Amino acid sequence: MMNVIKMDLYRMVKQKISYILLVALTAFLVFSVAMTAFLVFSVAMTKEDMAMTQTPMTAEQASEESMGNLGLYLNVPAASAQDVTVDLEVFSHMASRAPAIFTAIFAVIFLTADLQTGYIKNIAGQIEKRQWLIYSKAVVLAVYTAVSFIVTLITITLSCVVFFGKATISSFPKLMAYMGGEYMLYLAFGCIILCLAVIIRNHAVTVALAICLCMNIQLVLYGVINSLLGRAGVDGMNISEYTVSGWMSCLSLGASAGDMLRGIVIALIFGAAALTVAVIVFKQRDI
């Protein structure tokens, strides 16, 4: 098992796609923070009484708005440049699910590359248990997701310094707790995409599906299910609150211990289920 993990980690370090996706993520974050700064300063220049006429959203309100929208939305709960902090920028990007696109692409292209090229046939016979190949990829995905989170934090911090002249963090412990919860959800989402990649075995289709999931296209299905549950007498039920993608947006800065635990439990359940399905399909299929 350890040798398989070392092999996949070596591939992650050596293959260009790992760095290309990190560079793309960095460029996206820089551009996004720059656009946020442009909008904030533009509004401040054209509407001097903005602070008196608009009430900035709280992190919780921004989470609810992002969870209920189709597409990618960056909701920064700030009314002026003085209100923009690193933790709010991190929250707005994580809750938007935009960085999850890069995690999903990595899960599809890198983690299933040996399936597509046929290289896996050279090593499958040397491994005692075939499921180790899936578990090894999950470990690599966990490492890559952690690296992408570190890159996200550093990039947003430096971008805030460049575009806002400061990089203030309201509460570092809360920021770390929030990123820890989101890390578990993003990792579970990556495992789900890995499972889909093993089942579908088509890079283009799986990447397209992953992007659609990041853009909340599944809300259409959730709406149908919620409607059916309502007709069955289960009122006030929102399926989004019990899914990984839903909690990626629902989790907020300063979330209570109960909400944080709930999000982590959902991530563990979906992540374990996805890996279990991937292992079952992988073991039964010819490679």
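Below, each value reflects all heavy atoms present in this structure, side chains not excepted, and no hydrogens, waters or symmetry copies. Just so we're clear, the structure is a prediction, and the values are computed from it rather than from any experiment.
Nearest approach of L251 to D259, heavy atoms of both residues: CD1-O, 4.2 Å. Across all non-hydrogen atoms, the minimal contact from M184 to L268 is CE-CD2, 3.5 Å. Across all non-hydrogen atoms, the minimal contact from G181 to M260 is CA-SD, 3.7 Å. The nearest pair of heavy atoms linking C191 to A274 is O-CB, 3.6 Å. Of all the heavy atoms in A104 and I193, the pair that sits closest is O-CG2, 3.7 Å. When all heavy atoms are compared, the tightest approach of V143 to L9 is CG2-CD2, 4.1 Å.
Side-chain contact check for L153 versus M176: some heavy-atom pair is nearer than 4.5 Å. The side-chain heavy atoms of V84 and T168, taken from C-beta on, include no pair separated by under 4.5 Å. For the pair L25 and P99, the minimum side-chain heavy-atom distance is below 4.5 Å. Side-chain contact between E89 and C160: present, with at least one pair of heavy atoms (C-beta onward) separated by less than 4.5 Å. For the pair V33/F164, a side-chain contact is recorded, criterion being any heavy-atom separation below 4.5 Å from C-beta on. Side-chain contact between M12 and F106 is present, with at least one heavy-atom pair separated by less than 4.5 Å. In this structure the side chain of Y135 never reaches within 4.5 angstrom of the side chain of I5, judged on heavy atoms. At a threshold of 4.5 Å between non-hydrogen side-chain atoms, the residues V277 and I199 count as touching.
Atom CG of residue L141 and atom CZ of residue F189 lie 11.0 Å apart, to the nearest 0.5 angstrom. Taken to the nearest 0.5 Å, the OH atom of Y10 stands 10.5 Å off from the CD atom of Q15. The distance from the OG1 atom of T145 to the CG atom of L187 is 5.5 Å, given to the nearest 0.5 Å. The distance from the CD1 atom of I264 to the CD1 atom of I269 is 12.0 Å, given to the nearest 0.5 Å. Atoms CG and CH2, on L185 and W247 in that order, are 8.5 Å from each other to the nearest 0.5 Å. Interatomic distance, C250 SG to R262 CZ, rounded to the nearest 0.5 Å: 7.0 Å.
Side-chain N or O atoms of Y144 include none that pairs as donor or acceptor with a backbone N or O of T103 at under 3.5 Å. Between the side chain of K137 and the backbone N or O of D8, no donor-acceptor pair lies under 3.5 Å. Remark: the backbone N or O of F28 is not paired with any side-chain donor or acceptor of S32 at under 3.5 angstrom. The main-chain N or O of V4 is never found under 3.5 Å from a side-chain atom of W132 such that the two would form a donor-acceptor pair. Checking side-chain atoms of S136 against main-chain N and O of L133 turns up no donor-acceptor pair under 3.5 Å. Side chain of D87 to main chain of S170: a donor-acceptor pair is present (N/O by atom type, distance under 3.5 Å, no hydrogens or angles).
A donor and an acceptor atom, one from each side chain of H93 and T152, are nowhere located under 3.5 Å apart.
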For this session: For the pair S245 and R97, evaluate side-chain hydrogen bond (donor to acceptor under 3.5 Å, both in side chains) and give the outcome as yes or no after the intermediate values.
Result: CA-CA 8 Å; S245 60; R97 303 172 303 278; over 6 Å; no
For this session: I would like to know whether M248 and E182 meet side chain to side chain contact (heavy atoms under 4.5 Å, CB included); could you show each step before the answer?
Result: CA-CA 6 Å; M248 287 164 71; E182 287 286 5; 4.0 Å; yes
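A ring-centre distance under 6.0 Å is found for F149 and Y186.
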